[in-house]
Amino acid sequence: MSTIRARERIALVLAGGAARGAYEVGVVQYLLEEVARDLGRELPLDILSGTSVGAINACALAAFADEPGPVRAQRLVEHWTSLRIQDVIHPDLGELFLRSMRLILARPARAGSVALLDPAGLQRIVSGSIPFERIGANLRAGRFEALTVSTTHVASGRTVVFIERNGPPLPAWSSDPTVVPKETQIHAEHALASAAIPFLFPPVRIGDELHCDGGLRQNVPLSPARRLGADAILVVSPRHVTTSPIPGEEEFAAGPLAILGQTLNALMLDRIDSDLDRLRRINLILDAGSRAYGDEFVDKLNRELGFGDALRIRPLRSLLIRASVDLGELANKYVRSLAFAQRASGVVGRLIRRLSSAEGTHSDLLSYVLFDGEFARLLIALGRADAATRHDDLVRFFSGALGD
């Protein structure tokens, strides 16, 4: 039985971003090492919710939940920094030609085949590095409460939230017909489907259905964590938000690869700021009501609205850690370095360097496909640094959840 119920439920929410996911690892490593050291205890992560590459990271954390925090973090670091782009990126030039001809001739492609990259390398890495069978054992041992992986159902466009948990049937979910929760044992195909970014990787078959990247509609999966009873949500997003003016046409070379990079940005666009602002506003209203009408205000409000436990409105604390610099620019700089030239050769190396040949125009696409250990090391260091700047906030966040 779980022993974690005498305090707040804490959810860790990991966003999407393909190769940018190494940034999340840096933040997680800082949490499980530095923040835990200051608090003098292991950090509880009760609900793990991920989309796209965040789903892969969440599955790894769930599978190794029986290990000490620093060991879990180091496993993630080692997996990411051991990547070589030649092992993940396998462009099939013959297949690319056939796919191009299908587009030119307006002929339909075989279902699931339309993608620029062969997914075999990523499949091999995910299946070989994450012992998915350990997730259920860790749940039954009470080491965490739930894991969620979000995908997009190709045929309908609905978001499917796959949930593995050890407990009673799922609570009432949402009145939104475009979001479908499904309890299941989560395996490699669920994580790979969540990370199957359109145009880059083909959809993945789960049972008789094709699924692709969950980030198309739910890049930051706040809702699953909230529905599963989280009291406090820590969100990690590799997406950098700039306040710079929108560039003019003369500053942006709108070639097909640049447009693809911007399209991926648009597809992976999250509404995290507006979602968190909505949570803050609800908290303010509930706090004001409790001050004005007493401690029973929230209970009376929910009774008046007819909301049971599953839909209950309640205060929900949140904290966001996001990339402080543009990861596209960081990728562009790295690809032009001697370090990358020494690591990547052949067709793949030439292709990646070609993407970086025009200043700034393809850097967004680069940052999505650059599954390279040294680039991952740069992102991990950035994630640690960004978390360090929020150290006091993180300590307060977990102290509040632990009742300290």
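Keep in mind the model is a prediction, meaning the values are calculated, not measured. The first residue in the sequence is number 1, and the count goes up from there. Quick note: numbers below take in every heavy atom, side chains included, and nothing from hydrogens, waters or symmetry partners.
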> Which pair of heavy atoms, one from S367 and one from A19, lies closest together, and at what distance?
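Taking every non-hydrogen atom into account, O-CB, 3.5 Å.
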
> List the steps, then state whether side chain to side chain contact (heavy atoms under 4.5 Å, CB included) holds for I352 with V369.
CA-CA 9 Å; I352 295 298; V369 303; 4.0 Å; yes

> Side chain to side chain contact (heavy atoms under 4.5 Å, CB included) between V161 and V180: does it pass, once the steps are laid out?
CA-CA 6 Å; V161 182; V180 180; over 6 Å; no

> Determine, stepwise, if the pair K182 / I163 fulfils side chain to side chain contact (heavy atoms under 4.5 Å, CB included).
CA-CA 6 Å; K182 287 189 178 182; I163 304 160; over 6 Å; no

> Run through L319, V35, V27, V395 and flag the one making a side chain to side chain contact (heavy atoms under 4.5 Å, CB included) with R390.
L319

> Does a sphere of radius 6.0 Å around CD in Q185 hold more than 12 heavy atoms from other residues, nucleotides or ligands, not counting ones at 6.0 Å or beyond?
no

> Rounded to the nearest 0.5 Å, what separation is found between the CG atom of L192 and the OG1 atom of T151?
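Between atom CG of L192 and atom OG1 of T151 there are 12.0 Å.
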
> To the closest 0.5 Å, what do you measure between CG (L379) and CD (E374)?
11.5 Å

> Closer than 4.0 angstrom, basic N to acidic O: yes or no for E329 and R336?
no

> Using only atom types and a distance under 3.5 Å, with no angle test, would you say the side chain of S52 pairs donor to acceptor with the backbone of G16?
no

> Kindly give the heavy-atom pair with the smallest separation between S194 and V149, and that separation in Å.
CB-CG1, 3.6 Å

> Can you tell me how far CG of L394 sits from CG of L234, rounded to the nearest 0.5 angstrom?
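These two atoms lie 6.5 Å from each other.
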
> Apply the test salt bridge (Lys or Arg N to Asp or Glu O under 4.0 Å) to residues E42 and R143: give CA-CA distance (whole Å), side-chain angles for both, the deciding distance (0.1 Å), then the verdict.
CA-CA 11 Å; E42 293 280 339; R143 297 186 177 101; over 6 Å; no

> Does the side chain of D66 come within less than 4.5 Å of R134's, by heavy atoms?
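They are in contact (side-chain heavy atoms under 4.5 Å apart), so the answer is yes.
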
> Less than 6.0 angstrom separating the ring centers of H190 and F162, yes or no?
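For H190 and F162, the ring centres are under 6.0 Å apart.
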
> Using side-chain heavy atoms (C-beta onward) and a distance below 4.5 Å, is Q29 in contact with E34?
no

> Measure across A146 and L228 and return the closest heavy-atom pair with its distance rounded to 0.1 Å.
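A146 and L228 have their closest heavy atoms at CB-CD1, 3.8 Å.
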
> Verify, without hydrogens or angle tests, whether H153 (side chain) and R158 (backbone) share a donor-acceptor contact under 3.5 angstrom.
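Checking the backbone N and O of R158 against the side chain of H153, no donor-acceptor pair under 3.5 Å is found.
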
> Flag the pair I380 / V77 as yes when at least one side-chain heavy-atom distance between them is below 4.5 Å, and no otherwise.
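Yes, close enough: below the 4.5 Å cut-off.
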
> So how far is it from E164 CD to N138 CG, rounded to the nearest 0.5 Å?
10.0 Å

> Please list all pairs meeting side-chain hydrogen bond (donor to acceptor under 3.5 Å, both in side chains) that have one or both residues in residues 297-308, counting only residues at least two apart or in different chains.
D299-R312

> Would the distance check show the side chain of R72 and the main-chain N or O of L61 forming a donor-acceptor pair, the cut-off being under 3.5 Å?
yes

> Set out, in order, the CA-CA distance, both residues' side-chain angles and the distance that settles side chain to side chain donor-acceptor pair (under 3.5 Å) for Y23 and D386, then state yes or no.
CA-CA 10 Å; Y23 173 85; D386 286 348; 2.7 Å; yes

> Does NZ or CZ of R75 fall inside the cone over F64's six-membered ring, less than 6.0 Å from its centre and within 45° of the axis?
yes

> Should we count CD of E133 as having more than 12 external heavy atoms under 6.0 Å?
yes

> With a 4.5 Å limit on heavy-atom distance, are the side chains of L45 and L32 in contact?
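Sidechains of L32 and L45: in contact.
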
> Heavy atoms, side chains only, cut-off 4.5 Å: are L284 and I282 in contact?
no

> Between the side chain of R205 and the main-chain N/O of D208, is any donor-acceptor distance below 3.5 Å?
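The answer is yes, because a donor-acceptor pair under 3.5 Å joins these two groups.
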
> Nearest heavy-atom pair of Y368 and R239: which atoms, and what distance?
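Where Y368 meets R239 most closely, the heavy atoms are OH-NH1, 4.4 Å.
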
> Please check if the side chain of D213 supplies one atom and the backbone of P198 the other of a donor-acceptor pair under 3.5 Å.
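Side chain of D213 to backbone of P198: no pair is present.
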
> Using only atom types and a distance under 3.5 Å, with no angle test, would you say the side chain of R165 pairs donor to acceptor with the backbone of P168?
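Pair found, side chain donor or acceptor close to backbone of P168.
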
> Is D87 salt-bridged to R84, going by a charged N under 4.0 Å from an acidic O?
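Salt bridge flag = no for R84 with D87.
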
> Quick one: closest heavy-atom pair of A225 and I233, and the distance?
CB-CD1, 4.1 Å

> Hey, what's the ring geometry for F371 with W80, parallel, tilted or perpendicular (30° and 60° as the breaks)?
parallel

> Taking C-beta and beyond as the side chain, do V25 and Y30 meet within less than 4.5 Å on heavy atoms?
no

> Could you tell me whether the side chain of C212 reaches within less than 4.5 Å of the side chain of V204, counting heavy atoms only?
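Heavy-atom side-chain distance check fails, nothing below 4.5 Å.
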
> When you measure from the side chain of E24 to the backbone N and O of A15, does any donor-acceptor pair fall under 3.5 Å?
yes

> How many angstroms lie between atom CG of L378 and atom NZ of K333, to the nearest 0.5 angstrom?
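Those atoms lie 9.0 Å apart.
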
> Does V13 offer a backbone N or O that forms a donor-acceptor pair with the side chain of S49 under 3.5 Å?
no

> Between P203 and V154, which heavy-atom pair has the shortest distance, and what is it?
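Reported closest heavy-atom pair: CB-CG2, 4.0 Å.
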
> Is any side-chain heavy atom of I10 less than 4.5 Å from a side-chain heavy atom of I47?
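No, their side chains stay 4.5 Å or more apart.
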
> To the closest 0.5 Å, what do you measure between CZ (F144) and CG (L139)?
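One gets 3.5 Å once the value is rounded to the nearest 0.5 Å.
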
> Does S82 reach the main-chain N or O of H79 with its side chain, forming a donor-acceptor pair under 3.5 Å?
yes

> Ignoring hydrogens and geometry, is there a side-chain-to-backbone donor-acceptor pair from D46 to E145 under 3.5 Å?
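Such a contact is absent between D46 side chain and E145 backbone.
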
> Given the rule in the side chain to side chain contact (heavy atoms under 4.5 Å, CB included) test, do L301 and L286 qualify, once you have shown the distances and angles that lead to the verdict?
CA-CA 9 Å; L301 178 65; L286 296 181; 3.9 Å; yes

> Regarding R343 and D372, does a basic nitrogen lie under 4.0 Å from an acidic carboxylate oxygen?
yes

